[in-house]
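Since the structure comes first, as structure tokens, the remarks are kept for the end.
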Amino acid sequence: MEVGQMQRRLIEYTKSLFMEGILDDQFLQLQQLQDESNPDFVVEVVSLFFQDAERLLNDITSALDQQSVDFPKVDAHVHQLKGSSASVGAQRVKNGCIAFRNFCEEQNVDGSLRCLQQIKQEYYHVKNKLEALFRLEQQIVAAGGSVPMMELSF
């Protein structure tokens, strides 16, 4: 595939992530912070999000598996995950965390477990989509092209 075609594919793929509500404008703002002096900025920040999210999802799962659930502890983990997902523009994960915090407030174990499964599903979905996006960017650079910047409105 030639560079121009890959660049167009990247733009369309990225647009689809916004149209499907997977990402929000925060991701574009993150991309705006990337420049020649730090060309891997977005990949690095998103990789940290992946590590943080995996740890938090494991902590939440463990906390909900306890005989007596410590809801303030679960809520603190969910709050952290919400902030982390918001910082990279992972909109569906963030929205799931907002709903999850309501179940924590109600101390609703069943609702919390359902929400956890939904958030895990959304997390792995956004992770797969972003990894595919980064692979496409790498292919463009390897072919001698430059990664096109997304416009803030499309």
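The figures that follow rest on heavy atoms only: side chains count, while hydrogens, waters and symmetry mates do not.
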>> Show every side chain to side chain donor-acceptor pair (under 3.5 Å) that has at least one partner inside residues 128-138, sequence neighbours left out.
In response: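 Not a single pair qualifies under side chain to side chain donor-acceptor pair (under 3.5 Å).
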Who pairs with [X] by side-chain contact (heavy atoms from CB on, under 4.5 Å), at least two apart in sequence or on another chain?
X	answer
Gln80	Arg55, Leu56, His77
Ser47	Val43
Leu113	Leu64, Val109

>> According to side chain to side chain donor-acceptor pair (under 3.5 Å), who are the partners of Lys120, at least two apart in sequence or on a separate chain?
In response: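 Expected list: Thr61.
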>> Just to verify, what does Ser87 make a side chain to side chain donor-acceptor pair (under 3.5 Å) with, not counting sequence neighbours?
In response: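 Listed in chain order: nothing, the list is empty.
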> So which heavy atom on Pro39 is nearest to which on Ser37, and how close?
Replying inline: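 Closest pair (atom of Pro39, atom of Ser37, distance): CD-C, 3.7 Å.
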> What is the minimum heavy-atom distance between Ala86 and Gln26, and which atoms define it?
Replying inline: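 Closest approach of Ala86 to Gln26: O-CG, 3.1 Å.
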Results of salt bridge (charged side-chain N to carboxylate O under 4.0 Å, His left out) for [X] - residues two or more places apart only:
X	value
Arg8	Glu2
Lys82	none
Glu54	Lys127

For the atom pair [atom1] ([X]) and [atom2] ([Y]), what is the distance rounded to the nearest 0.5 Å?
X	Y	atom1	atom2	value
Phe18	Leu28	CZ	CG	3.5 Å
Ile119	His125	CD1	NE2	15.0 Å
Glu106	Ser112	CD	OG	8.5 Å

Identify all side-chain donor-acceptor contacts of residues 97-105 below 3.5 Å with residues at least two apart in sequence or on another chain.
residue, atom, partner, partner atom, Å
Arg101, NE, Asp75, OD1, 2.8
Arg101, NH1, His79, ND1, 2.9
Arg101, NH2, Asp75, OD2, 3.1

Does the [X] side chain pair with the main chain of [Y], one donor and one acceptor, at a distance under 3.5 Å?
X	Y	value
Gln91	Ile22	no
Gln66	Ser62	yes
Gln31	Met149	no

> Under a 4.5 Å side-chain heavy-atom rule over Ile, Leu, Val, Met, Phe, Trp and Tyr, are Leu81 and Leu48 clustered together?
Replying inline: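 In one cluster with Leu81: Leu48, no.
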>> Applying salt bridge (charged side-chain N to carboxylate O under 4.0 Å, His left out) as the test, list every pair that has at least one member in residues 33-51; sequence neighbours left out.
In response: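 Output for this query is empty, none listed.
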>> Under the salt bridge (charged side-chain N to carboxylate O under 4.0 Å, His left out) definition, can you give me all pairs with a residue in residues 83-96, not counting sequence neighbours?
In response: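 Of all non-adjacent pairs touching residues 83-96, those that pass salt bridge (charged side-chain N to carboxylate O under 4.0 Å, His left out) are Asp24-Lys94, Arg92-Glu122.
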> Counting heavy atoms not belonging to Glu20, are there more than 12 under 6.0 Å from its CD?
Replying inline: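 Yes.
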> When the ring planes of Phe50 and Tyr123 are compared, do they come out parallel, tilted or perpendicular, using 30° and 60° as the limits?
Replying inline: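 Ring orientation, 0 to 90° scale: perpendicular.
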